[in-house]
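Following: one structure in structure tokens, then a few remarks.
The structure presented is a predicted model; accordingly, all values stated were derived computationally and were not measured.
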Amino acid sequence: MPSAPAGPVFGLVLAAGAGRRFGGPKALARTPAGTPWLALAVRALRAGGCAEVVVVLGAGAEEARGLVPEGATAVTASGWESGVAASLRTGLTALESSGAVAAVVVPVDTPDLPVAAVARIVRRAGADALVQATYAGAPGHPVLLGRAHWSPLAASVRGDVGARAYLIAQGAESVECSDLWTGADRDTR
């Protein structure tokens, strides 16, 4: 079992997309009981071991900002329309001035993300760590990015393509989490 992280781990919620298949910005989505998905993501990251959480907004940012829980920091991605790369770069840039040793990244469209999955990934944190949760061998979230990877990853992503190619090229550690949940994101209501 890996030891505790060498420094603070921050959470990063990517919630900037327009949610075309979903029918609107997922940053505005709520559970049937009315709980904002943003609140669920922030709660899972904090309870899983993240000291601070940054939420990246874009589409619907004005309205979504009111759904970001107190204590989390909201930033708006310029150029969010170009895809997830802009959101990821914005989030990593926002973390640069922090003392975080690593960032745990989740998209907002994983409202069923259990705290245990975040905690399992956080336990592997370190400045050089690169970790991806897998579900029956398929890559998913959360993803942990050690600080040493922030700049090279931000420089490598383009358009609507996230970190996957970078994670593969750098040999990210896979951590099986299918005993905790399915890892499914929600693309439709």
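Taking both residues in full, the closest heavy atoms of Gln132 and Ile121 are given as C-CD1, 4.5 Å, listed atom of the first, atom of the second, then distance. The two residues Val108 and Ala27 make their nearest non-hydrogen contact at CG1-N, 4.2 Å. Contact record, Ala125 with Ala102: CB-CB, 4.1 Å, taken as the closest heavy-atom pair. A pairwise comparison of heavy atoms in Leu67 and Leu28 identifies CD1-CA, 3.9 Å as the closest pair. Summarising the geometry of Ala59 relative to Pro25, their closest heavy-atom pair is O-CB, 3.6 Å, with the distance given to 0.1 Å. The two residues Gly58 and Thr76 have their closest heavy-atom pair at CA-CG2, 4.4 Å.
Atoms NE2 and OH, on His141 and Tyr135 in that order, are 9.0 Å from each other to the nearest 0.5 Å. Interatomic distance, SG of Cys177 versus CZ of Arg120, reported as 5.0 Å (0.5 Å rounding). For the atom pair CG of Leu38 and CZ of Arg30, the computed distance is 9.5 Å after rounding to the nearest 0.5 Å. In this structure, NE2 in His149 is found 6.0 Å from CD in Gln170, a value given to the nearest 0.5 Å.
In this structure, Arg186 and Asp112 have side chains that are in contact, with non-hydrogen atoms separated by less than 4.5 Å. No side-chain heavy atom of Leu145 sits under 4.5 Å from any side-chain heavy atom of Leu12. Contact check for Ser151 versus Glu96: side-chain heavy atoms found under the 4.5 Å cut-off. Put simply, the side chain of Val84 does not reach to within 4.5 Å of the side chain of Val157, judged on heavy atoms. A 4.5 Å side-chain heavy-atom check between Ser98 and Glu52 finds every atom pair outside the cut-off.
Leu113 and Val42 fall within the same hydrophobic cluster, defined by Ile, Leu, Val, Met, Phe, Trp and Tyr side-chain heavy atoms under 4.5 Å apart, directly or through other members. The hydrophobic clustering, which links ILVMFWY residues whose side-chain heavy atoms are closer than 4.5 Å, places Trp80 and Val75 apart. Linking Ile, Leu, Val, Met, Phe, Trp and Tyr whenever their side-chain heavy atoms come within less than 4.5 Å puts Leu130 and Leu92 in one cluster. When hydrophobic clusters are built by joining Ile, Leu, Val, Met, Phe, Trp and Tyr residues whose side-chain heavy atoms come closer than 4.5 Å, directly or via intermediates, Val175 is not grouped with Val143. No continuous path of hydrophobic side-chain contacts links Val106 to Val54 [ILVMFWY only; heavy atoms under 4.5 Å].
Lys26 has no carboxylate O lying under 4.0 Å from a charged side-chain N of Asp185, or vice versa, which leaves the two without a salt bridge.
More than 12 non-hydrogen atoms from other residues, nucleotides or ligands lie less than 6.0 angstrom from CZ of Arg65. Other residues, nucleotides and ligands contribute only 12 or fewer heavy atoms inside 6.0 Å of the CD atom of Glu63.
In this structure, Phe22 has its ring center closer than 6.0 angstrom to the ring center of Trp37.
Of the possible polar contacts, none joining the Arg43 side chain to the Val115 backbone as a donor-acceptor pair under 3.5 Å is found. Although no hydrogens or angles enter the test, the distance criterion places a donor-acceptor pair under 3.5 Å between the side chain of Arg147 and the main chain of Ala100. No side-chain donor-acceptor contact under 3.5 Å links Glu176 to the backbone of Ala133.
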